Amino acid sequence: MRTVALIKRICQEMLRDKRTLALLFIAPLIILTLMYFLFNGNTVDPKLGVVNVENNLEKILVEANIDLKHYEQADKETIVEKDLDGLLEVKDEKLVLTLENSDPSIAKVLQMKVNQSVSLQAQSKILNPNAAPVVIQKKEIDTQYVYGNSETAFFDVLSPVLVGFFVFFFVFLISGIGLLKERTTGTLERLMSTPIRRGEIVTAYLVGFGIFAVIQTVIIVIYSINVLDMVMVGSVWNVILINLLLALVALSLGTLLSTFAASEFQMVQFIPIAVIPQVFFAGIFPLEGLASWLQSIGKIMPIYYAADALKGVMYKGLGLKDISGDLFALVVFATVFIILNILALKKYRKL
Amino acid sequence: MNVSIAINQVSKSFGKKVVLNQIDFTIEEGKIYGFIGPSGAGKTTLVKMIVGMNTPDTGTIHVLNEKMPNLGLLQEIGYMAQSDALYTELTGKENLKFFASLYKLNKTEMKERITYTANLVNLTNELNKRVSAYSGGMKRRLSLAIALIQNPKILILDEPTVGIDPELRLSIWKELLRLKNEEGKTIIVTTHVMDEAERCDFVAMVRDGVILTRGTPKELKAQYQVDNLEEVFLKAGRKDS
């Protein structure tokens, strides 16, 4: 009964605060959409200057989607002046490739394409040494993918992590500041002079903000899958389940950390400490190459498990059984934080 | 006379600072008690211990013959904190309703109490406004209404008249006297305003964690041979140091 009253009050307050609601529900969608466009931008064909290159190699290069520019003579300055990505020339019977390399990712792609084309040309020469009009035997390499397909963009791999991160971030912030407001205005102390139990307060906070976290999670998941067309191989319900558990962890961590903050500003200071490092270990960056002690740091971060489970379900299509370990880890995090929360309230009333 | 609150040899320190030192005090039912003293004297710590939000380091506090802290007894204690602890996004009525629902009250009782307390503090016409639009005095009055919402036997008011205009202060005191006389409530008030102390049935002067002197205002003035409590306070303090 008291818990219900508290939940009702939290909802009333939230609904009055339109800006916070907008932050909770609309901001993640805007950021996700932005990232979608950023990561899915069409790649521009690299521009390659050619000097004295054989005709059939040129053909292969054009087929590899390289924008060719012919020059009688060229050097490094030409690359800069003409805004080329690279220059391929024959010097003393040898092919020399000069890369502009201001963006290493473009340089790498160009280098790879040129290498491929050269070896393709070499192949066709061996197979068909005399043929005047070189018929390029285009050997289709049948490429197969374990996960995703040839259309897979970076965003598809990233998106499950992002969905989890936004759920975590916004729920953490809003629940933390929610309870903090109650502390700084003295209403928490006032609550403690009523017969309410500490457990009831924590429960009410979890449920009250939990309701909004559920709505937020559902909106983000539905939007990501239907509007942004994220890869979604597994079950939507599993995705929602993972995110709800993650939201619970964020809620309990947010309210717990608010114990150690004296103002909203101090609460915001927890973001670089408690939230940002989690992003690094969420699987956006590959962890395999890290030192083992660094890798084990990731294992104490809730988002690490949520991201692992989300990637498993959304991208690899894993079922509930495969992600049970991750889910269990999230439950453990939430339980520990909730117990600490109840203990932390002892500051206000010993009983 | 029934003993309402018994404070027995209570001491409390925060870190090295001794806030309360060996306090003994008995509060009888149906009277107004005033804890008078400067800021930082330990008044708030004392009333918080009576409510059970703090526990004494040594000594005991019994309220209505039960040892504090005790969750069940909070039903019988109305507490008004020094600062207005209100939900400013909500209306006055929603605040009252929320606090009312934390106590054991049925629906009709709840409605009655809300109407009654709102009327008591003269906020009936303002109930549907958000608290953020309230003036300082209105907030103070709403806090008082909330302290009374569950119809408690004991009322503990921590500096209830700070920042309230004289007229309103008068009406609050009138109300406190009425609550004592007609409903037999035990009321504890902390204040540093001496003329409020005159209205109490019994006064305890607190400074640096000890009770300097205690008695009815009349007794105290006779004892120190002065005309007002302010001088009593000064004399008692001097004698002590």
Side-chain angles (χ1 to χ4, degrees), chain A residues 1-22 24 174 177-205 207-209 212 262-264 342-351, chain B residues 12 44 47-57 67-91 93-107 110 130-132 139 142-143 146-147 149-150 152 154-158:
Chain A
M1 179 60 208
R2 288 186 288 253
T3 316
V4 175
L6 196 48
I7 293 170
K8 201 177 136 198
R9 197 217 80 220
I10 291 170
C11 293
Q12 271 178 335
E13 274 190 305
M14 277 293 275
L15 291 174
R16 297 270 159 88
D17 192 350
K18 298 283 186 289
R19 254 204 27 201
T20 305
L21 277 185
L24 195 58
I174 285 164
I177 289 183
L179 188 60
L180 186 72
K181 208 168 113 199
E182 188 122 21
R183 286 177 210 280
T184 49
T185 56
T187 48
L188 187 62
E189 198 177 78
R190 184 66 189 76
L191 271 184
M192 286 304 200
S193 69
T194 73
I196 199 164
R197 288 172 193 283
R198 283 181 284 130
E200 286 174 324
I201 294 181
V202 175
T203 314
Y205 258 82
V207 177
F209 281 103
F212 291 94
S263 63
E264 273 91 345
I342 296 176
L343 291 178
L345 282 180
K346 274 201 169 179
K347 195 167 126 193
Y348 295 90
R349 188 180 64 197
K350 294 288 158 11
L351 209 63
Chain B
K12 176 88 184 171
T44 298
V47 295
K48 272 190 183 172
M49 280 203 264
I50 298 174
V51 181
M53 294 158 78
N54 266 333
T55 46
D57 293 339
K67 190 171 184 280
M68 289 308 280
N70 181 317
L71 272 189
L73 264 186
L74 290 178
Q75 176 82 19
E76 298 303 341
I77 303 175
Y79 173 64
M80 178 175 167
Q82 228 173 62
S83 61
D84 294 307
L86 300 166
Y87 298 101
T88 51
E89 301 281 330
L90 305 183
T91 64
K93 193 173 194 166
E94 284 164 341
N95 268 284
L96 282 170
K97 229 183 200 164
F98 168 64
F99 281 105
S101 52
L102 296 179
Y103 295 99
K104 279 184 228 124
L105 294 173
N106 63 38
K107 271 214 171 117
M110 207 187 280
R130 286 200 196 177
V131 173
S132 50
K139 285 184 191 160
L142 184 59
S143 294
I146 290 171
I149 196 79
Q150 84 272 30
I154 301 167
L155 202 51
I156 297 176
L157 310 172
D158 201 355

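Here is how names work: the chains are called A, B, and so on, in the same order as the sequence lines, proteins then strands, and each is numbered from 1. As the structure is a computational prediction, the values presented were derived from the model and not from experiment.
Contact of B:D84 with chain A is made through the backbone alone, with heavy-atom distances under 4.5 Å. Proximity to chain A involves both the backbone and the side chain of B:I146, based on heavy atoms less than 4.5 angstrom apart. Using a 4.5 Å cut-off between heavy atoms, B:Q150 makes no contact with chain A at all. Residue A:L188 does not touch chain B at all, counting heavy-atom pairs closer than 4.5 Å. Heavy atoms of A:E189 lying under 4.5 Å from chain B belong to its backbone as well as its side chain.
Counting all heavy atoms, side chain and backbone alike, B:M53 lies closest to A:S193 at SD-CB, 3.9 Å. The minimum heavy-atom distance linking B:E89 with A:R16 is given by the pair O-NH1, 3.1 Å. Considering all non-hydrogen atoms of both residues, A:T185 and B:S83 come closest at O-OG, 4.4 Å. Residues A:P195 and B:L102 share a closest heavy-atom pair of CD-O, 4.0 Å. Residue A:G186 comes nearest to B:A85 through the heavy atom pair O-CB, 3.3 Å, listed as atom of the first residue, atom of the second, then distance.
Partners of B:T88 according to the side-chain hydrogen bond (donor to acceptor under 3.5 Å, both in side chains) rule, which considers only residues two or more places apart in sequence or in another chain, do not exist here.
A distance of 12.0 Å separates CE of A:M192 from CG of B:N54, quoted to the nearest 0.5 Å. Here B:F99 contributes atom CZ and A:T194 contributes atom OG1; the two are 7.5 Å apart, rounded to the nearest 0.5 Å.
A:R190 places a side-chain N or O within donor-acceptor distance of the main-chain N or O of B:Y79, the cut-off being under 3.5 Å. The main-chain N or O of B:F98 is never found under 3.5 Å from a side-chain atom of A:R9 such that the two would form a donor-acceptor pair.
Pairs engaging residues 97-106 of chain B under the salt bridge (Lys or Arg N to Asp or Glu O under 4.0 Å) rule: none recorded [sequence neighbours left out].
Among A:T187, A:D17, A:L6, the residue making the largest number of heavy-atom pairs under 4.5 Å with chain B is A:T187. Your options are A:Q12, A:K181, A:E200, and the one with the most heavy-atom pairs under 4.5 Å with chain B is A:Q12.
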